[in-house]
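Taking it in order: structure first as structure tokens, then the write-up.
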Number of protein chains: 2
Amino acid sequence: MDDRVWKALADSTRRAVLDALADGPLTTGDLVERFPELCRTAVMKHLDVLVEANLVVPRREGRQRWNDLNPAPIQAVCDRWVSRHVSRLASAMGRLKGLVEEQQRPEAAAASAKSRKG
Amino acid sequence: MDDRVWKALADSTRRAVLDALADGPLTTGDLVERFPELCRTAVMKHLDVLVEANLVVPRREGRQRWNDLNPAPIQAVCDRWVSRHVSRLASAMGRLKGLVEEQQRPEAAAASAKSRKG
DNA sequence: TAAACATGTCACTATTTGGTGACATGACAT
DNA sequence: ATGTCATGTCACCAAATAGTGACATGTTTA
């Protein structure tokens, strides 16, 4: 099950950790320095979640631990989901376009504009 | 921010709702029938989260509400994340492969095997 | 050996989340 | 008008989550 991957990616701090690891492995101490708003224990908990999801692979070296990014599960999960829903995208967009043009509901327009920005 | 999208996708029930809507819009009552393990209020809460994330667009018709899937944010978020990390995939896989071959750590092997299965 | 250092673990707290039942609102049919 | 039906809203509960400080373990280095 890739539920753990979704859960791991749901937290913005954990996504930031993955971003930090994208340039190469970092020790836990390195990561703690990059997140001054968090205590060390919090960073380690996030790392635990990422390791459980197999998004980070830890490796011990002396008295420090190196954390390697494993981007494969991200791609796997996204591929599966996009392929599952992308075929519906055209027809769904058609439906929605019609709705917007017909009804002109202001909330829906604001919501979609916000999503386009983000 | 697409934090709301990640949060919305983090829950397996909500992903199941999106799956159900992939074949076409459904009323809230329809969805309640498809999730007998949940009460109506719970289904509506999940729908609220999905609407906030702009993954579902509600539309009122008489005394019932139709829920339309909007798959665009899924693709947007996935595209952004895969493109951000996929360039690292080759080098990261190289590093990990090297680690496994060199060190043969049983936990790492088990973890990667699990991810290959899932 | 002993101090310093990086990491691991534990117990605890506050907030968020997923869930519920009860009640309110608004539309449709009789 | 009135009862019924679909949806909306409210107050509340239990479990999961993100966070913390204190302490334990294991590794260098003096």
Side-chain angles (χ1 to χ4, degrees), chain A residues 1-21 25-53 55-68 99 103 105 107-108 111, chain B residues 1-21 25-53 55-68 99 103 105 107-108 111:
Chain A
M1 281 291 288
D2 45 30
D3 191 64
R4 271 196 283 257
V5 177
W6 285 111
K7 284 274 197 297
L9 291 173
D11 186 87
S12 62
T13 300
R14 284 193 289 268
R15 293 198 301 276
V17 169
L18 295 182
D19 273 342
L21 295 180
L26 295 173
T27 69
T28 305
D30 291 337
L31 284 168
V32 171
E33 281 181 12
R34 299 202 183 194
F35 294 89
E37 71 276 15
L38 297 182
C39 74
R40 187 178 57 87
T41 312
V43 172
M44 289 197 60
K45 276 200 182 180
H46 284 305
L47 281 172
D48 285 345
V49 174
L50 291 168
V51 169
E52 279 303 303
L55 287 162
V56 165
V57 179
R59 151 179 50 113
R60 189 102 204 198
E61 191 169 290
R63 65 180 159 187
Q64 53 195 5
R65 156 174 145 171
W66 290 92
N67 301 281
D68 269 270
L99 287 177
Q103 311 195 190
R105 299 183 314 103
E107 329 84 80
Chain B
M1 280 289 290
D2 44 30
D3 191 65
R4 273 196 282 257
V5 177
W6 284 111
K7 284 275 198 296
L9 291 173
D11 186 88
S12 63
T13 300
R14 283 193 290 268
R15 293 198 301 275
V17 168
L18 295 182
D19 273 342
L21 294 180
L26 295 173
T27 70
T28 306
D30 292 337
L31 283 167
V32 171
E33 281 181 12
R34 301 203 181 192
F35 294 89
E37 71 275 18
L38 297 182
C39 74
R40 188 179 57 87
T41 312
V43 172
M44 290 197 58
K45 276 199 182 183
H46 284 305
L47 282 172
D48 285 345
V49 174
L50 292 168
V51 168
E52 279 302 304
L55 287 161
V56 165
V57 178
R59 152 178 50 115
R60 188 101 205 198
E61 192 169 293
R63 65 180 159 185
Q64 53 195 6
R65 157 174 146 172
W66 289 91
N67 300 280
D68 268 90
L99 286 176
Q103 310 193 189
R105 298 183 314 104
E107 330 84 80

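Just the heavy atoms: all of them, side chains too, but no hydrogens, waters or symmetry mates, feed the values below. Chain letters run A, B, ... following the sequence lines, proteins first, then strands; residues in each count from 1.
Between A:Leu50 atom CG and D:dA18 atom P there is a gap of 10 Å when expressed in whole angstrom units. For the pair B:His46 NE2 and C:dG18 C1', the interatomic distance rounds to 6 Å; values are reported in whole Å. Going from atom CE of A:Met44 over to atom C1' of C:dT7 covers 6 Å, rounded to whole Å. Per the geometry, CD belonging to B:Glu52 stands 16 Å off C1' belonging to C:dT16, to the nearest Å. When rounded to the nearest whole Å, the span between CG of B:Leu9 and P of C:dG18 equals 12 Å. Between the CG atom of B:Asn67 and the C1' atom of D:dG8 there is a distance of 13 Å, given to the nearest Å. With rounding to whole Å, B:Arg63 atom CZ is found 7 Å from C:dC28 atom P. When rounded to the nearest whole Å, the span between NZ of A:Lys7 and P of D:dA18 equals 10 Å.
Closest approach of B:Asn67 to B:Pro58, counting heavy atoms only: OD1-CB, 4.2 Å.
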> Do B:Leu9 and A:Leu9 pass the side-chain contact (heavy atoms from CB on, under 4.5 Å) test, and can you show the C-alpha distance, the side-chain angles, and the key distance before you say yes or no?
Replying inline: CA-CA 9 Å; B:Leu9 291 173; A:Leu9 291 173; over 6 Å; no
>> Please evaluate residues B:Thr28 and B:Met44 with respect to the criterion side-chain contact (heavy atoms from CB on, under 4.5 Å), reporting the C-alpha separation (whole Å), side-chain torsions for both, the decisive distance (0.1 Å), and the verdict.
In response: CA-CA 7 Å; B:Thr28 306; B:Met44 290 197 58; 3.8 Å; yes
>> B:Val43 vs B:Val17, test: side-chain contact (heavy atoms from CB on, under 4.5 Å). Steps then yes/no.
In response: CA-CA 9 Å; B:Val43 172; B:Val17 168; 5.6 Å; no
>> Pair B:Leu55, B:Arg14 - check side-chain contact (heavy atoms from CB on, under 4.5 Å), show working.
In response: CA-CA 10 Å; B:Leu55 287 161; B:Arg14 283 193 290 268; over 6 Å; no
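Two residues, A:Arg14 and A:Gly62, neighbour DNA chain D, and the one matched to the more 5' nucleotide by heavy-atom proximity is A:Arg14. Comparing A:Lys45 and A:Gln64 by the nucleotide of DNA chain C that holds the closest heavy atom to each, the one mapping nearer the 5' end is A:Gln64.
The stretch residues 28-41 of chain B touches DNA chain C through B:Glu37, B:Leu38, B:Cys39, B:Thr41, each having a heavy atom under 4.0 angstrom from the strand.
Legend: residues meeting salt bridge (Lys or Arg N to Asp or Glu O under 4.0 Å) with B:Asp19, ordered by chain and number and at least two apart, are A:Arg84.
Between B:Gln64 and B:Asp30 the shortest side-chain heavy-atom distance does not fall below 4.5 Å.
Contact check, B:Arg65 against D:dA6: no side-chain N or O comes under 4.0 Å of OP1 or OP2.
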